[in-house]
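Structure first, commentary second.
Numbered from 1 within each chain, the chains take letters A, B, ... in sequence-line order.
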2 protein chains.
Amino acid sequence: MSRRATATEPRRVQGHPVYEVKAELFRILGHPVRVRILELLRDGERTVGDLQHELALDSSGTSQHLGVLRRNGVLESRRESTNVYYRVRDPRTFQLLEVAREIIGSNLAESRDLLAELDRR
Amino acid sequence: MSRRATATEPRRVQGHPVYEVKAELFRILGHPVRVRILELLRDGERTVGDLQHELALDSSGTSQHLGVLRRNGVLESRRESTNVYYRVRDPRTFQLLEVAREIIGSNLAESRDLLAELDRR
DNA sequence: TACAAATCTTCGAAGATTTGAAGGTCTTAG
DNA sequence: CTAAGACCTTCAAATCTTCGAAGATTTGTA
């Protein structure tokens with residue numbers, strides 16, 4: 001035996017242990033505007049102006065959040081004359097949103113049940 | 001027609017629109033220590049001291065991160081004499097980690113392919 | 001009761017993120 | 001070439017998060 005059982009070397013991605021990269025992905029998704037952007041992109045690409053309008057944000061805020069998502073590989077964009085179209089790069093990103101919704105849904109159901117329980121006394 | 005097409009009222013959970021609650025869940029998961037805690041709990045409950053040892057953290061840091069996860073409904077705990085055992089409340093939480101891993105995996109594969117592409121010139 | 005072990009809380013400094021304002025770049029139409 | 005539209009960047013103030021030290025609680029045991 002050359003190692004203790006608990007001292008497993010963590011797998012790495014681009015020099016960072018995987019759990020850090022995962023955390024970073026979640027942190028990137030951890031902003032309401034960015035979640036909404038992803039939801040708006042569920043049905044396909046959209047221009048910045050279009051998103052900006054739906055989000056009721058200014059140009060700066062919209063660009064900044066899109067930039068965070070693009071630089072971190074969640075979104076990609078293409079330019080068509082003066083418009084820039086954004087889309088989600090990996091469709092599994094939507095799965096994250098979907099699973100999150102499910103978890104939230106049943107958390108809610110549980111609190112409802114708990115409240116009903118309390119009422120009954 | 002009583003409303004414009006784009007002005008849909010957002011669904012709400014505990015007074016917050018769903019996209020905010022989703023973002024919050026992701027934000028909670030968006031810290032390397034908290035991701036590791038969840039990974040350590042994949043095979044069942046663990047005591048605080050045990051986690052603390054694996055994370056190589058002090059008691060304060062461990063408690064604080066566990067507290068964040070518990071207060072937000074990701075974890076739950078039970079006490080057995082002086083030990084507190086933590087476990088993940090909803091197994092779908094692991095699905096989030098799993099999907100994140102897949103996304104990260106293929107992002108990595110893509111960059112590898114891109115680099116190979118560049119090499120070939 | 002007094003003590004030790006395990007866990008939790010509080011607090012302030014340091015660090016990271018968000019926001020909004022201002023201005024910059026790029027592209028096409030005229 | 002110039003103007004207008006669409007998008008992006010920079011910057012500093014405000015806000016939020018993390019970290020570590022110190023101490024408080026809780027529980028079982030002598």
Side-chain angles (χ1 to χ4, degrees), chain A residues 16-17 19-38 40-41 44-89, chain B residues 16-17 19-38 40-41 44-89:
Chain A
H16 298 277
Y19 61 83
E20 269 188 21
V21 182
K22 279 188 203 167
E24 175 144 318
L25 174 55
F26 288 130
R27 194 168 46 71
I28 297 304
L29 301 185
H31 189 291
V33 168
R34 298 198 285 266
V35 167
R36 279 194 76 200
I37 288 175
L38 293 176
L40 289 168
L41 293 176
E45 61 180 13
R46 300 268 213 135
T47 66
V48 175
D50 189 5
L51 293 168
Q52 179 178 338
H53 172 255
E54 298 263 17
L55 298 166
L57 259 182
D58 60 3
S59 147
S60 160
T62 309
S63 263
Q64 278 180 100
H65 287 296
L66 288 171
V68 169
L69 290 166
R70 181 170 34 69
R71 276 191 297 283
N72 286 279
V74 178
L75 300 185
E76 54 190 2
S77 60
R78 75 188 170 86
R79 159 162 292 218
E80 188 176 306
S81 95
T82 79
N83 293 317
V84 174
Y85 289 83
Y86 275 87
R87 63 179 170 282
V88 169
R89 235 168 93 169
Chain B
H16 298 277
Y19 61 83
E20 269 188 20
V21 181
K22 278 186 204 168
E24 176 144 318
L25 174 56
F26 289 129
R27 194 168 46 72
I28 297 305
L29 302 185
H31 190 290
V33 168
R34 298 197 285 265
V35 167
R36 278 194 75 200
I37 289 175
L38 294 176
L40 290 168
L41 292 176
E45 61 180 15
R46 301 268 214 136
T47 66
V48 175
D50 188 6
L51 293 169
Q52 179 179 338
H53 171 255
E54 298 265 15
L55 298 166
L57 258 182
D58 62 1
S59 145
S60 161
T62 309
S63 261
Q64 278 180 93
H65 287 296
L66 288 171
V68 169
L69 290 166
R70 182 170 33 70
R71 276 191 298 283
N72 286 280
V74 178
L75 300 184
E76 54 190 0
S77 61
R78 75 187 171 87
R79 157 161 293 215
E80 190 177 306
S81 94
T82 81
N83 293 319
V84 175
Y85 289 82
Y86 275 86
R87 62 179 171 282
V88 169
R89 237 167 91 164

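Dashed line: the shortest gap from a side-chain N or O of B:N83 to OP1 or OP2 of C:dT7 is under 4.0 Å. Here B:H31 reaches the OP1 or OP2 of D:dC19: one of its side-chain N or O atoms lies under 4.0 Å away. Distances shown here put a side-chain N or O of A:H65 below 4.0 Å from the OP1 or OP2 atom of C:dT19. Contact annotation: A:R27 side-chain N/O to C:dA16 OP1/OP2 distance is not under 4.0 Å.
Atom CG of B:L29 and atom P of D:dT17 are 14 Å apart (whole Å). Between the P atom of C:dT7 and the NE2 atom of B:H53 lies a distance of 13 Å, rounded to the nearest Å. Rounded to an integer number of Å, the gap from A:R46 CZ to D:dA6 C1' is 17 Å. B:L69 places its CG atom 15 Å from the C1' atom of C:dC8, with the value rounded to the nearest Å. The interatomic distance linking A:I28 (CD1) with D:dT17 (P) rounds to 15 Å, in whole Å. Atom C1' of nucleotide D:dC16 and atom CG of B:N72 are separated by 14 Å, given to the nearest angstrom. Summarising the geometry, the separation between OH on B:Y85 and C1' on C:dA6 is reported as 12 Å, rounded to the nearest angstrom. Between the CZ atom of A:F26 and the P atom of D:dT17 there is a distance of 18 Å, given to the nearest Å.
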All N/O contacts under 3.5 Å from nucleotides 21-30 of chain C to the protein, with atom names and distances to one decimal?
residue: C:dA21; atom: N6; partner: A:S60; partner atom: OG; Å: 2.8

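Residue A:V48 has its side chain nearest to D:dC7 when only D:dT17, C:dC8, D:dC7 are considered. Comparing D:dC19, C:dT17, D:dC8 by their nearest atom to the side chain of A:Y86 picks out D:dC8.
Side-chain contact between B:T47 and B:V84 is absent, with no heavy atoms from C-beta onward closer than 4.5 Å. Between B:L25 and B:V74 there is a side-chain heavy-atom pair separated by less than 4.5 Å.
Between the side chain of B:R34 and the backbone N or O of B:I28, at least one donor-acceptor pair lies under 3.5 Å.
When every heavy atom of A:R89 is checked against every heavy atom of A:L75, the shortest pair comes out as CD-O, 4.1 Å. Heavy-atom minimum distance, A:Q52 versus A:L57: CG-O, 3.1 Å.
Across all strands, B:T47 comes closer than 4.0 Å only to sugar-phosphate atoms, never to a base (heavy-atom distances).
Listed by chain and number, the residues in a salt bridge (Lys or Arg N to Asp or Glu O under 4.0 Å) with B:R27 are B:E24 (sequence neighbours excluded).
Ring geometry for B:H65 against B:H31 counts as tilted: the plane angle lies between 30° and 60°, on a 0 to 90° scale.
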